[in-house]
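Below, chain A is the first sequence line, B the second, and so on; all start at residue 1.
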Amino acid sequence: MPENGSILIVDDELSVRDSLYNWFIEDGYTVKTAENAKLALNLLETETFDIILADIKMPGMDGLEMHRRIKSLNKDAVVIIMTAFAAVDTAVQALKDGAYDYVTKPFDPDDLSHLIRNAMKQVALSRENSGLKEKIIHLENIDDIIGDSPQMSKVLQEVETVAQSDSTVIITGESGTGKELIARAIHSNSPRKFFPLISVHCGALTESLLESELFGHEKGAFTGAQYHRKGKFEMADGGTLFLDEIATVSSKMQIELLRVLETRQFVRVGGQKEISSDFRIIAATNKDLKSLVDAGSFREDLYYRLNVVNIKLPALRERPDDLPLLVDYFITKYCRSMNREKVKIEKLVLERLQDYDFPGNVRELENIIERAIVIGNGREIRMKDLPLPTDNSNYHSVESLEDLEKQHVKSILDKYAWNVSRSAKALGIDRVTLYNKMKKYSLSNPRG
Amino acid sequence: MQDITLIPLADFDHSLMTHLSRAVENELKTKVFVGRIHLETARYFDPDRRQYNADALLRQVYDSRNLFMDTKVIGLLDVDLFIPILTYIFGQAFLGGEAAIASAFRLRNERYGLPHNENLFRSRLVKEVLHELGHTFGLKHCINPECVMRSSTYVEDIDQKSATFCSACRRTLPR
């Protein structure tokens with residue numbers, strides 16, 4: 001017999017409670033009884049049961065209503081409804097409300113044993129299933145989040161953790177660090193992934209437009225509103241609402257937003273009907289919201305409402321190790337979209353890119369690579385294809401004096417077409433010294 | 001281990017008592033007595049269900065235990081037993097308590113349209129009595145298909161198991 005399974009029996013008849021209690025105790029279950037729905041619900045606030053066996057007809061709250069309340073407390077609860085009469089409509093209602101099964105009293109002992117065993121099996125399987133899911137969680141749809149640096153690994157770990165919850169998330173990071181990509185990754189790895197992810201770029205909209213975008217509007221709400229229109233809150237029902245550039249929202253809209261976030265209810269512009277929507281909020285900003293709160297330009301209550309989980313994205317310059325991966329990713333992406341052979345990139349160019357601080361972060365790098373492929377020779381990305389401020393074909397990142405000397409000697413030799421006499425003169429050394437340095441640094445004329 | 005008193009009630013066939021006593025004695029290695037009390041089974045008849053109320057009968061047997069000093073008592077009947085929630089039962093007991101009841105009624109092949117088989121019937125009765133007595137010694141249902149404490153909701157289930165306690169259940173029994 002199954003061990004450690006727990007059963008709650010809810011029935012107003014003492015003889016039924018006692019019979020079932022004795023029956024299940026002999027089977028090795030942990031059993032508790034309650035004589036009405038109220039007592040059962042009180043018990044369920046402090047204890048969990050694998051199976052709840054509830055009579056449909058009880059004084060006060062009936063079994064169906066109790067079942068609904070149990071389901072609102074714990075949607076995975078396995079509830080079996082019992083009745084003295086086979087009433088099909090009540091049975092159907094119980095099943096529609098998510099009851100595991102419906103049984104008519106008195107039961108055949110064998111049927112009861114089977115029913116409870118099957119229900120216990122389902123409880124065990126679903127427990128095992130969620131246990132396994134937790135063990136094998138791996139993020140999906142993150143192919144466009146590139147990087148295996150410790151900083152990005154930490155971000156992805158945070159995404160993994162937060163995706164399973166329903167908590168509000170705020171993503172902070174400089175412009176171009178990929179905040180929307182992270183929002184998408186959270187959504188597509190969350191239980192809400194089958195519902196839409198609705199993005200709103202708050203900074204791109206005026207206050208009145210943002211209001212209409214978020215809340216929707218009724219027909220005739222303003223000039224030109226010929227039809228009613230669903231707002232983003234409504235569209236995100238069941239899914240996720242991504243509010244980008246949240247710091248740009250006006251004070252008036254901050255109050256409106258706070259109200260909706262607290263109640264998940266709103267009224268369309270020009271409308272009167274209260275609409276409910278179940279959405280998760282992910283907000284993003286490149287500003288330091290806390291200092292905006294201190295400066296009085298962002299509401300403190302809204303800040304705390306949004307700042308449940310904070311994912312901070314590193315700037316590209318903080319994760320230089322990821323740069324080669326990103327460059328390769330963008331080269332592949334743009335060569336494919338332009339229907340070209342994949343181009344190479346000179347080592348020097350890559351080094352130059354790694355030294356650059358990318359104020360525009362990954363977005364800037366992407367633009368640089370796209371431009372370089374468009375204007376380049378179709379074979380490789382050269383230094384002159386980069387629109388960087390210190391665009392210098394002789395640039396080389398150096399640390400030691402020897403490297404600097406090698407680089408300088410090579411650049412002078414290049415400049416004088418590898419004429420040793422002229423190069424030595426320009427360098428202020430004799431030819432023998434120059435030959436020695438060429439030998440030391442393995443420098444030779446590339447054209448032979 | 002505590003001694004046991006078997007109490008045949010109403011129309012229970014007294015000729016079965018010797019066989020039953022020996023079988024219980026052999027398996028539980030304890031003294032088994034046969035007791036007698038007068039009990040009007042008609043009082044426990046439910047006309048709506050046309051069956052006998054096992055809860056009330058068990059309580060009555062429990063109340064009579066003082067007559068049989070320091071022994072566990074099991075009332076033996078030949079009527080169709082029910083408890084409010086189930087269509088029928090073969091017997092029932094107070095888990096870890098002093099009293100149990102068991103009925104021969106549904107153990108006969110004839111109830112299922114089959115020819116009488118005395119050996120099979122007696123074997124089923126012994127298993128049912130041992131099973132309920134096992135509960136009075138605190139044993140719960142056992143997953144071992146051979147063990148007499150295996151839950152049986154059909155007579156065919158009873159036939160599948162043996163008339164002995166598995167080693168795990170035996171270890172739980174008092175010595």
Separation between CH2 of A:W23 and OG1 of B:T153, rounded to the nearest 0.5 Å: 6.5 Å

Chain B interface, residue from A:D110, A:D111, A:D108, A:L112 that has the most non-hydrogen pairs under 4.5 Å: A:D110

Per-residue contact mode, B:N144 against chain A (heavy atom under 4.5 angstrom): neither

Non-hydrogen atoms of B:P84 and A:S19 that approach each other most closely: CD-OG, 3.2 Å

Atom pair OH (A:Y29) and NE2 (B:H141), whose distance is rounded to the nearest 0.5 Å: 10.5 Å

More than 12 heavy atoms of other groups within 6.0 Å of B:F94 CZ: yes

A:K96 atom NZ, over 12 foreign heavy atoms within 6.0 Å: no

A:I25, part contacting chain B, at a heavy-atom distance under 4.5 Å: both

Part of B:Y154 lying under 4.5 Å from any heavy atom of chain A: side chain

Of B:K140, B:H135, B:M149, the residue whose pairing with A:E26 passes side chain to side chain contact (heavy atoms under 4.5 Å, CB included): B:H135

Contacting moiety of A:S113, where chain B heavy atoms sit under 4.5 Å: side chain

Option in A:N22, A:L20, A:V16, A:D11 with maximal non-hydrogen atom pairs under 4.5 Å from chain B: A:L20

Largest heavy-atom contact set with chain A, pairs under 4.5 Å, which of B:I89, B:L95, B:D157, B:T87: B:T87

Point-to-point distance, once rounded to the nearest 0.5 Å, from CG of A:D55 to CD1 of B:I85: 8.0 Å

Shortest non-hydrogen contact between A:P109 and B:L86, atoms and distance: CA-CD2, 3.9 Å

